[in-house]
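Here is the structure we will look at, set down as structure tokens.
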Amino acid sequence: PHLPQLISPVLQALVDGPNLKRGIYNFRRMAVTGIKLPISKSVKSTTLYKAWEAADLDGQFGKTSWGQKLARQERRKNLTDFERFKVKVLKAKKNKIIKSKLKELKN
């Protein structure tokens, strides 16, 4: 199984990207985003990478909800025990506030 990666379709199912070796992928394994990279057909990998950096595709993807979700997952994966404890405490405080507000609205 492949991890989610940002790729740029070069031809129909020929894909290439900075973190991915150029190859043929089945469309069922791809998720299409609205981010476009204006390149011509049969472009070399080095030219593709330069255009990729110039267009800041990683930054554009990071602004999407999917990119933010992946960043959040990565950040949570690297938390220490104490940081996880702080998240738990903050979540409990938030839920307590929500519960009290809901109780006020019901009355």
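Side chains included, hydrogens not; waters and symmetry mates left out as well; all remaining heavy atoms used.
- Of all heavy-atom pairs between G62 and Q68, the closest is O-CG, 3.4 Å.
- K21 pairs by the side chain to side chain contact (heavy atoms under 4.5 Å, CB included) definition with nothing, not counting sequence neighbours.
- Residues A51 and I39 approach most closely at CB-CG2, 4.1 Å, considering heavy atoms.
- Rounded to the nearest 0.5 Å, atoms CG (D58) and CG (D56) are 7.0 Å apart.
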Side chains of residues 76-85: which donor-acceptor partners sit under 3.5 Å, not counting sequence neighbours?
unit_1 : atom_1 : unit_2 : atom_2 : d
K77    : NZ     : E74    : OE1    : 3.4
N78    : ND2    : E74    : O      : 3.1
N78    : ND2    : E74    : OE2    : 3.3
T80    : OG1    : E83    : N      : 3.3
T80    : OG1    : E83    : OE1    : 3.4
D81    : OD1    : R84    : NH2    : 2.4
E83    : OE1    : T80    : N      : 2.9
R84    : NH1    : L79    : O      : 2.8

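- Residues forming a side chain to side chain contact (heavy atoms under 4.5 Å, CB included) with A71 (at least two apart in sequence, or on another chain): none.
- When the side chain to side chain contact (heavy atoms under 4.5 Å, CB included) test is applied to Q73, the partners found at least two apart in sequence or on another chain are K69, L70.
- Taken to the nearest 0.5 Å, the CG atom of L57 stands 8.5 Å off from the OG1 atom of T33.
- Under the side chain to side chain contact (heavy atoms under 4.5 Å, CB included) criterion, K50 pairs with no residue, sequence neighbours left out.
- Residue pairs satisfying the salt bridge (charged side-chain N to carboxylate O under 4.0 Å, His left out) criterion with at least one member in residues 85-99, sequence neighbours excluded, are absent.
- Going from atom CG of L48 over to atom OG of S42 covers 12.0 Å, rounded to the nearest 0.5 Å.
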Worked verdict on D16 versus V43 for side-chain contact (heavy atoms from CB on, under 4.5 Å): CA-CA 10 Å; D16 195 0; V43 67; over 6 Å; no
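- Annotation for K44 and R22: closest pair C-NH2, 3.8 Å, computed over non-hydrogen atoms.
- Across all non-hydrogen atoms, the minimal contact from L20 to Y49 is O-OH, 4.2 Å.
- With sequence neighbours left out, the side chain to side chain donor-acceptor pair (under 3.5 Å) criterion links T64 to no other residue.
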